[in-house]
*Asks:* 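The structure that follows is given in the form of structure tokens.
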Amino acid sequence: MPELPEVEILKLSLNKNIKHAKIKKIKINNRNLRYKVPNNLNKVLAGCNIKNISRIAKYLIFHFNNEKKLLIHLGMSGTIHLIFKKNTKNTNASFYHLSSLPKKHNHIEISLNNNYKMIYNDPRRFGYFKLLNKNFINLKPFNDLGPEPFDPLFNFLYIKNFIKNKKVNIKSALLNQKFVSGIGNIYANEILFYCSINPLKKISKLSMKNIKDIINNSKKVLKKAIFFGGSSIKDFKKIDGQSGNFQQKFKVYGKQDSKCPKVGCKGILKKIIISNRASFYCLECQK
DNA sequence: AAGAGGCCCTGATAGC
DNA sequence: TGCTATCAGGGCCTCT
């Protein structure tokens with residue numbers, strides 16, 4: 001599910017709804033994620049106030065008042081749901097699901113003191129929870145991340161230097177988080193379409209114009225996706241239960257065999273596999 | 001040592 | 001209907 005835009009939207013929603021809330025209790029239903037969920041999660045975090053929630057690339061970081069930090073990565077299928085328990089005088093308090101809550105795979109439930117409950121769901125278990133220390137930025141995985149597309153460090157000289165003598169194709173490079181962080185398979189395809197670059201093109205062969213286009217279009221595509229609320233592939237929803245609708249704006253992702261959307265281009269979109277990931281592009285206009 | 005490929009896991013869908 | 005195969009938004013690890 002989650003590339004940079006989806007995690008960004010999640011971050012904004014979480015800050016809007018549960019910033020400054022205090023953790024009452026963390027209940028672990030299933031420790032099996034990519035890494036075992038730390039057993040001491042509740043012990044360490046119960047009673048802590050959420051100072052704010054930040055994002056680096058596709059990683060979410062909860063910062064607490066006492067300097068403790070929690071990293072959440074959503075992997076392929078991780079989702080976060082907020083449930084609001086309405087204050088009523090009845091003992092039968094009603095629950096409002098701000099996003100539809102799945103029945104299975106609710107690994108972790110975090111009760112907050114503001115009538116919200118935050119639930120982490122992850123059928124494929126590629127995501128994970130990890131407690132971070134103060135120095136986290138110098139440690140794995142953060143010390144290995146390249147700049148985000150929005151970072152001024154993702155500039156012409158940086159790219160020109162990176163691509164020198166390298167044999168990889170541009171599609172794989174955009175997915176390489178050490179080169180540029182936050183871009184995933186969907187947006188890599190979309191960015192290359194806007195750049196009119198063939199995903200198989202070797203990065204050492206990129207022209208000056210190609211490099212400039214990549215810088216501009218990676219920002220543009222991600223910003224637009226954030227603006228439209230992310231992409232609701234399968235079950236991704238914004239935390240308020242609304243679907244993002246950027247997927248309606250996809251130009252090439254998932255559109256093999258249809259006509260190239262570029263004005264004036266007569267090409268047909270093709271699907272090929274590059275390093276085990278689906279790639280979609282137009283044979284005519286992406287060179 | 002860069003780069004390709006396998007693999008972790010479940011669920012949805014397609015094809016027979 | 002029920003089986004099997006294929007595929008899915010990520011990233012780590014191993015092998016060459």
Side-chain angles (χ1 to χ4, degrees), chain A residues 1-10 29-37 55-60 71-80 100 102-107 120-130 139-146 148 161-192 199-205 221-222 225-226 228-238 243-250 252-257 271-280:
Chain A
M1 162 194 56
E3 304 182 34
L4 186 152
E6 289 73 34
V7 182
E8 174 68 15
I9 286 153
L10 185 52
N29 298 322
N30 183 353
R31 291 187 66 205
N32 296 317
L33 291 176
R34 171 180 279 278
Y35 309 116
K36 287 271 184 209
V37 178
R55 178 194 59 73
I56 298 177
K58 304 172 191 171
Y59 298 87
L60 260 189
L71 168 65
I72 301 180
H73 190 269
L74 301 165
M76 283 283 234
S77 60
T79 49
I80 287 178
S100 58
K103 292 190 174 65
K104 292 173 74 177
H105 308 297
N106 290 317
H107 284 74
Y120 179 81
N121 181 287
D122 192 351
R124 291 179 73 185
R125 305 183 192 165
F126 292 160
Y128 62 92
F129 276 52
K130 191 183 173 190
L139 302 168
K140 264 200 331 186
F142 300 102
N143 59 350
D144 245 2
L145 288 178
E148 293 184 3
N161 187 47
F162 186 94
I163 66 180
K164 214 179 290 172
N165 304 323
K166 290 219 169 64
K167 294 195 177 80
V168 266
N169 57 69
I170 181 60
K171 172 73 191 315
S172 302
L174 288 178
L175 293 179
N176 178 357
Q177 304 296 301
K178 292 177 188 176
F179 172 49
V180 56
S181 63
I183 296 174
N185 199 37
I186 290 179
Y187 298 120
N189 280 299
E190 296 296 303
I191 290 163
L192 289 175
L200 290 167
K201 185 163 185 173
K202 303 282 183 240
I203 56 176
S204 55
K205 305 275 187 204
V221 168
L222 296 191
I226 292 168
F228 283 103
S231 306
S232 295
I233 303 272
K234 297 199 177 165
D235 56 0
F236 177 73
K237 286 197 172 38
K238 292 193 284 177
S243 295
N245 55 9
F246 187 75
Q247 73 279 9
Q248 293 160 14
K249 317 272 181 212
F250 288 168
V252 293
Y253 184 82
K255 293 193 182 294
Q256 66 272 32
D257 305 326
K271 177 181 180 181
I272 59 169
I273 303 297
I274 303 176
S275 359
N276 278 331
R277 313 299 298 276
S279 293
F280 305 87

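Labels below follow one simple rule: chain letters A, B, ... track the order of the sequence lines, proteins then strands, and each chain is numbered from 1.
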*Asks:* Stacking here means centres under 5.5 Å and planes under 30°; does Phe126(A) stack on dG11(C)?
*Replies:* no
*Asks:* Go through dG3(B), dG11(C), dG11(B) for me and flag the one nearest to the Val168(A) side chain.
*Replies:* dG3(B)
*Asks:* Which of these, Ile203(A), Asn189(A), Val180(A), sits in a side-chain contact (heavy atoms from CB on, under 4.5 Å) with Leu174(A)?
*Replies:* Val180(A)
*Asks:* Under 3.5 Å, is there a donor on one side chain and an acceptor on the other for Lys171(A) and Asn185(A)?
*Replies:* yes
*Asks:* Nearest to the side chain of Ala278(A), which nucleotide is it out of dG11(B), dA8(C), dG11(C)?
*Replies:* dA8(C)
*Asks:* Measure CG/Leu74(A) against C1'/dC9(B) and give the value in whole Å, please.
*Replies:* 16 Å
*Asks:* Could you state the CG-P distance from Leu33(A) to dG11(C), rounded to the nearest angstrom?
*Replies:* 15 Å
*Asks:* Just how far, in rounded Å, is P of dG10(C) from CG of Asp122(A)?
*Replies:* 13 Å
*Asks:* Tell me: CG of Asn176(A) to C1' of dG5(B), nearest whole Å?
*Replies:* 15 Å
*Asks:* Counting any heavy atom closer than 4.0 Å, what does Lys271(A) reach on the DNA or RNA strands: base, sugar-phosphate only, or nothing?
*Replies:* sugar-phosphate
*Asks:* Measure CZ/Arg124(A) against C1'/dG11(C) and give the value in whole Å, please.
*Replies:* 12 Å
*Asks:* Specify the residue among Asn276(A) and Tyr59(A) whose closest nucleotide of DNA chain C lies further upstream toward the 5′ end.
*Replies:* Asn276(A)
*Asks:* Quick one: CD1 on Ile226(A) to CG on Leu4(A), what's the gap to the nearest 0.5 Å?
*Replies:* 5.5 Å
*Asks:* Expressed in angstrom and rounded to an integer, what is the separation of Met76(A) atom CE from dC7(B) atom C1'?
*Replies:* 12 Å
*Asks:* When you get a sec, tell me which of dC9(B), dG10(C), dG3(B) is the closest nucleotide to the side chain of Arg125(A)?
*Replies:* dC9(B)
*Asks:* For Tyr59(A) and Phe142(A): C-alpha separation, side-chain torsions, deciding distance, then whether ring pair (Phe, Tyr, Trp, His ring centres under 6.0 Å) applies.
*Replies:* CA-CA 9 Å; Tyr59(A) 298 87; Phe142(A) 300 102; 5.3 Å; yes
*Asks:* Determine: side-chain N/O of His105(A) to OP1/OP2 of dT10(B), distance under 4.0 Å, yes or no.
*Replies:* no
*Asks:* Can you tell me which nucleotide in dG5(B), dG11(B), dG10(C) comes closest to the side chain of Arg277(A)?
*Replies:* dG10(C)
*Asks:* Sticking with atom P, work out how far dG5(B) lies from dC7(C), rounded to a whole angstrom.
*Replies:* 15 Å
*Asks:* Considering Watson-Crick and G-U wobble pairs with both distances under 3.5 Å, what does dC13(C) pair with?
*Replies:* dG5(B)
*Asks:* Answer with base, sugar-phosphate or nothing: what part of the nucleic acid does Asn185(A) contact at a heavy-atom distance below 4.0 Å?
*Replies:* sugar-phosphate
*Asks:* In this structure, how many angstroms lie between the C1' atom of dA8(C) and the CG atom of Asn189(A), rounded?
*Replies:* 13 Å
*Asks:* First locate atom CD of Glu6(A), then atom NZ of Lys58(A), and finally report the distance between them rounded to the nearest 0.5 Å.
*Replies:* 9.5 Å
*Asks:* Roughly how many Å is it from NZ in Lys130(A) to P in dG10(C), rounded to a whole number?
*Replies:* 20 Å
*Asks:* Would you classify Tyr35(A) as touching base, sugar-phosphate or nothing, given that sugar-phosphate means primed atoms plus P, OP1 and OP2, and contacts are heavy atoms under 4.0 Å?
*Replies:* sugar-phosphate
*Asks:* Can you see if the side chain of Lys167(A) gets near the phosphate of dA2(B) - specifically, an N or O under 4.0 Å from OP1 or OP2?
*Replies:* no
*Asks:* Would you compute the distance between atom NE2 of His107(A) and atom CG of Asn30(A) and round it to the nearest 0.5 angstrom?
*Replies:* 4.0 Å
*Asks:* Can you find a side chain N or O atom of Lys104(A) that sits less than 4.0 Å from OP1 or OP2 on dT10(B)?
*Replies:* no
